[in-house]
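Input: a single structure, listed below in structure tokens.
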Amino acid sequence: MTGKLKHFIDLDSFSKKDFRSLLDSCHDRKNSKIRHGKAEVDTDACAEHKILAMIFEKPSTRTRFSFETAMYQLGGKTITVGANDLQLNRGETISDTAKVLSRYVDIVMLRTNKHSSIIEFASNSSVPVINGLSDRSHPCQVLTDLMTFEENRGKINGNIVTWFGPGNNMTHSWIHAASLLDFELRLCSPENFGADINIIKKAKDEGANIVDNILPKDAAKDSNCIVTDTWFSMGDKEDNAKRKILENYQVTSELINLAKDDSIFLHCLPAHRGEEVTEEVIDGDKSFVWDEAGNRVHAQKGIIDWCFS
Ligand code: CP
Ligand code: NVA
């Protein structure tokens, strides 16, 4: 966070208490209202007279639509652009862009290639900034995932969450979450394709219960939540050698059957059936991916409200 501004850039800037309170507020916001229409404004209209700007350097379906819907439901307005449409594309600096946009809008969400672009924008912005995904992290999604687990299986504390596949931006936000809530996080990634070791070390030093270097069958055993993501994140070069190494990390029914009977499967989407997950698993009984995608709206509302409060 910069000064008094409440930026939502990474979960590791939260205290345990503040993060729990944010997560609870997302649940409360979802449960407090019977919605008669998707554009119906919440009673508190906490974003009334406010504008959210969204800038995307990479594609998006869920993040874009859920933030727009969230802002409408909070009584506010949105402006969404691709980064290539801005003068950024012709060399205007991030800092100049941040100073200008701060004069037009009340809050900005950025999806960037480089995490440092979000940090630079936030350092020069006089309005709150939200990380809508970077190469380092995807905090909005992991907040949603926690919400989805808890509304279906109760508090995450004491549960085992197991990550399958290469370490990426999603893994990093899960690692941050493991420092804030008392669950066990198992990281099941092939050698040389793991999450950033500095992020893992920092979380372990802070007391996070992280088990890494674990084989797929051991990792799945007794898990309460199995999570995976694409093997090639946006911007990654597709590589058949990497694909081959990852074959053993595909989430299959065999792995799911080793988990607890009431375990759930999560995936931030978009999914690649037949790569990181089988069709049988993602379209099966234990998959909560559609609830997860739907919950993006509620989590974004909690985040926007938190930034303004
Ligand atoms: N999960 C997620 O962030 O999806 P989009 O890339 O479609 O926004
Ligand atoms: N790790 C994925 C997440 C997509 C929502 C990516 O960065 O492409």
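As the structure lists them, so they are numbered: ligands from 1, and atoms in each ligand from 1.
The Asn168 neighbourhood of ligand 2 comprises atoms 1 (N), with distances under 4.0 Å to a heavy atom of that residue. Close approach of ligand 2 to Asn169 is summarised as follows: ligand atoms under 4.0 Å from at least one heavy atom of the residue are 1 (N), 2 (C), 6 (C), 7 (O). Residue-ligand proximity, Ser233 to ligand 2, at heavy-atom distances under 4.0 Å covers atoms 1 (N), 2 (C), 6 (C), 7 (O), 8 (O).
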Pairs under 3.5 angstrom, nitrogen or oxygen on both sides, ligand 1 versus protein: list them out, please.
unit_1	atom_1	unit_2	atom_2	d
ligand 1	1 (N)	Gln141	OE1	2.9
ligand 1	1 (N)	Cys268	O	2.9
ligand 1	1 (N)	Leu269	O	3.0
ligand 1	1 (N)	Arg296	NH1	3.3
ligand 1	3 (O)	Thr63	OG1	3.0
ligand 1	3 (O)	Arg111	NH2	3.0
ligand 1	3 (O)	His138	NE2	2.8
ligand 1	3 (O)	Arg296	NH1	3.1
ligand 1	4 (O)	Arg62	NE	2.9
ligand 1	6 (O)	Arg111	NH1	2.8
ligand 1	7 (O)	Thr61	N	2.7
ligand 1	7 (O)	Arg62	N	2.8
ligand 1	7 (O)	Arg62	NE	3.1
ligand 1	7 (O)	Arg62	NH2	3.0
ligand 1	8 (O)	Ser60	OG	2.6
ligand 1	8 (O)	Arg62	N	3.4
ligand 1	8 (O)	Thr63	N	2.8
ligand 1	8 (O)	Thr63	OG1	2.7
ligand 1	8 (O)	Arg111	NH1	3.4
ligand 1	8 (O)	Arg111	NH2	3.3

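A donor-acceptor pair under 3.5 Å is absent between the side-chain atoms of Asn159 and the main chain of Phe183, judged by distance alone. At distances below 3.5 Å, at least one donor-acceptor pair connects side-chain atoms of Arg111 with backbone N or O atoms of Pro59. Distance alone, capped at 3.5 Å, places no donor-acceptor pair between the Thr162 side chain and the Arg186 backbone.
In summary, the aromatic rings of Phe19 and Trp306 are positioned with their centroids too far apart to meet the 6.0 Å limit.
Ligand 2 lies less than 4.0 angstrom from a heavy atom belonging to Leu269.
Polar contact with ligand 2: absent for Cys268 (N/O pair, distance under 3.5 Å). Taking distance alone, with nitrogen or oxygen atoms compared against 3.5 Å, Arg111 stays at or beyond that limit from ligand 2.
If you check which protein heavy atom lies closest to atom 1 (N) of ligand 2, you get Asp229 OD2, 2.6 Å. Of all protein heavy atoms, the one lying nearest to atom 8 (O) of ligand 2 is Met234 N, 2.8 Å.
For atom 4 (C) of ligand 2, the nearest non-hydrogen atom from the set Thr230, Leu133, Thr63 comes from Leu133.
Crowding of Glu40 atom CD: a count of heavy atoms from other residues, nucleotides or ligands under 6.0 Å exceeding 12.
A salt bridge does not link Lys286 with Asp262: every distance from a Lys NZ or Arg NE/NH1/NH2 to an Asp or Glu carboxylate oxygen is 4.0 Å or more. Ionic pairing of Glu247 and Arg243 is not present here: no N-O contact between side-chain nitrogen and carboxylate oxygen is shorter than 4.0 angstrom. With respect to Asp205 and Lys201, a salt bridge is recorded, a charged nitrogen being found less than 4.0 Å from a carboxylate O.
Cluster partners of Val41: none. The rule joins Ile, Leu, Val, Met, Phe, Trp and Tyr whenever side-chain heavy atoms lie under 4.5 Å apart, and it links nothing here.
Partner of Arg136 under the side-chain hydrogen bond (donor to acceptor under 3.5 Å, both in side chains) criterion, chosen from Asn131, Thr112, Asn168, Asp10: Asp10.
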